[in-house]
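Encoded as structure tokens, the structure appears first; notes follow it.
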Amino acid sequence: MIIDVISAFFILLGALFFLAGTLGLLRFPDVYTRLHALTKSDNVGLGLIIIGLMLQVDSWLVAAKLLFIWFLVLLAGAGVAHLIASTAQKRGLKPWKK
Amino acid sequence: MNTLYLAVALFLLLTLIAGMWRILHGPTPADRMLAAQLFGTTAVACLLLLSQALEQPALRDIALVFALLAAVTAIAFVKRAWLKKSDES
Amino acid sequence: MEEISILLLFDVLVGLTLVWLAWQTLSSLDLFRAIVLFIAFGLLMALAWVRLNAPDVALAEATIGAGLTGALFLSALAQLSASTKRKDEENKIENS
Amino acid sequence: MRKIKLKILEKKPSLFTRLTLGILMFLLAASLAYAVWSLPTQALGLSAEVAKNVEMSGVSNPVTAVLLNYRSYDTLLELGVLLLALFGVWSLGGVSANKSSFVNPILDFLSRFLVPVFILFSGYLLWVGGFAPGGAFQAGAVLAAAGVLLFLNDWQLERKYSGFSLRFVLVLGLVLFVAIGFGFVFLDRVFLEYPPQLAGGLILLIEAAATLSIGISLAALFLGRDPSVKSDSKIDTGVHK
């Protein structure tokens, strides 16, 4: 029972991060800030949901697979974020200034 | 618990549909691509929740495919399609 | 009971968004925009196949639709823009 | 990238064209709707038959059983179509390699890490296809993604492999499939019928070969030219003019 509450907490928190990421993507003014918002929901949101789900699955193998998915998304997300940001800078996109 | 999983999956679908605005309106190609990346991650989370709620373990493999292949599209974008003079579109 | 209604809402949303995305993809004049929309369409289509109880097809759609065709189209677009650019330059030289 | 617009869409078509197309589309939609409407509500499909005989097929995933045993023509012809498509692309000459010059250590690391994971996952999908969603086509597509990633990093197939070895792998799936199909014709069976006790192993063998062929074909389609032909001498797209 207590596990259900904890995992529900993590999943809802993860959903909140996805909401924040989407809002950031829609509202932020330039590529760099949007990238920042996006990686938060990629890494933390999905991570929290996966933690919540890992508490519920009954086999270690499935939990390991979930962790692996998170690891892949973290790796790809970080690499791609770096690539997009550095390429944007090379192409001369100016960061937003107030 | 299942109701919670499904409700969160539905919520994620809604955020995904909201994020589509960025794909439609750009302004730069990178913005559209970023929105597609977020699309992918949200779909992964959605699939994992559905897999738990509907007790279909195969959906985790599909989520794994999404997580793997999202990088390929993004790298193709950076290496190939994002040439110079792309910024004013 | 409420689970079924949530799933129903989920399905209806996926279906409607798919049709709308397909329309936007087809009617987009900007080719890059059309490609990104197509990638998004592939992702959502995989979700739809999952809901239609066809995980095999969803897997194929995920690998082909969201992964390979996206990269293929982006590469094709790069080739296309390179060749149209060259044509433009040739035209300029001829006209001058 | 320069904005490429479809020239054909810039002019608005005439009212007559649009009206005719509209009517045609409406008729098509109406006939489709009628077709769906007139489907029997409770059809006796073949799924019961498939489920009943699934242990005879050698695999427990019904989709794989249908694709590789009951209706193996489907998969066989699909392999053929893929090969034909590749011939078509190769016969068109080729596009020049669109090299982007930048080297990025993070991209390099990411690709080096991901390519083995893709290959491993492709093997997993192939294996899991026997009893759960997965199978040759999906595994081949993931394998192709590994190839695409390599090509995106300006990797080139070594000259010594791009001739006979490449062609051998490309046709391997189709040849093995047909060979096994014909092999049992001589043992008093129909074309593409396998003895039930061997079916599981044979299907795995065919699927493994098909995965390789599909993966390499799809990756070659992405490359868009015959790697044994030197691209730069044939067509110059003039990117560096």
Side-chain angles (χ1 to χ4, degrees), chain C residues 15 19 22-39 42 45-47 49-94, chain D residues 1-10 47 61-67 78 89 94-100 118 121-122 125 128-129 132-149 151-152 214-215 217-219 221-225 235-241:
Chain C
V19 173
W23 175 252
Q24 289 288 338
T25 310
L26 286 175
S27 64
S28 171
L29 286 173
D30 182 351
L31 284 186
F32 181 78
R33 180 167 173 258
I35 292 172
V36 179
L37 283 169
F38 180 79
I39 294 170
M45 195 65 221
L47 271 183
W49 285 122
V50 163
R51 286 298 303 130
L52 287 169
N53 245 333
D56 287 86
V57 190
L59 206 54
E61 176 68 43
T63 46
I64 298 287
L68 287 181
T69 41
L72 185 65
F73 281 161
L74 287 170
S75 279
L77 181 69
Q79 294 283 349
L80 203 59
S81 62
S83 67
T84 46
K85 193 175 171 184
R86 186 186 45 146
K87 261 184 208 153
D88 285 356
E89 276 165 10
E90 277 170 5
N91 286 344
K92 240 181 243 167
I93 293 165
E94 276 169 23
Chain D
M1 139 206 7
R2 299 168 73 265
K3 227 175 176 175
I4 301 170
K5 293 209 167 175
L6 294 172
K7 286 234 170 66
I8 203 163
L9 287 176
E10 277 166 6
S47 47
N61 177 15
V63 177
T64 307
V66 169
L67 285 180
E78 188 183 79
V89 168
V95 289
S96 80
N98 186 5
K99 281 217 183 73
S100 49
F118 277 27
F121 190 60
S122 162
L125 280 181
V128 95
F137 196 75
Q138 288 88 336
V142 173
L143 193 62
V148 168
L149 203 55
F151 287 136
L152 284 175
I214 292 171
S217 316
L218 286 175
L221 282 173
F222 177 79
L223 187 63
R225 64 188 161 82
I235 293 176
D236 189 350
T237 54
V239 186
H240 37 70
K241 260 184 197 168

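Sequence lines set the chain letters: A, B, ... in the order given, protein chains first and strands last, and positions in each chain run from 1.
With a 4.5 angstrom heavy-atom cutoff, L59(C) touches chain D via backbone and side-chain atoms both. If you measure heavy-atom distances from L221(D) to chain C, the contacts under 4.5 Å come from the backbone alone.
The CD1 atom of I64(C) lies 4.5 Å from the CZ atom of F137(D); values are rounded to the nearest 0.5 Å.
Here the closest non-hydrogen pair linking A71(C) and V148(D) is CB-CG1, 4.0 Å.
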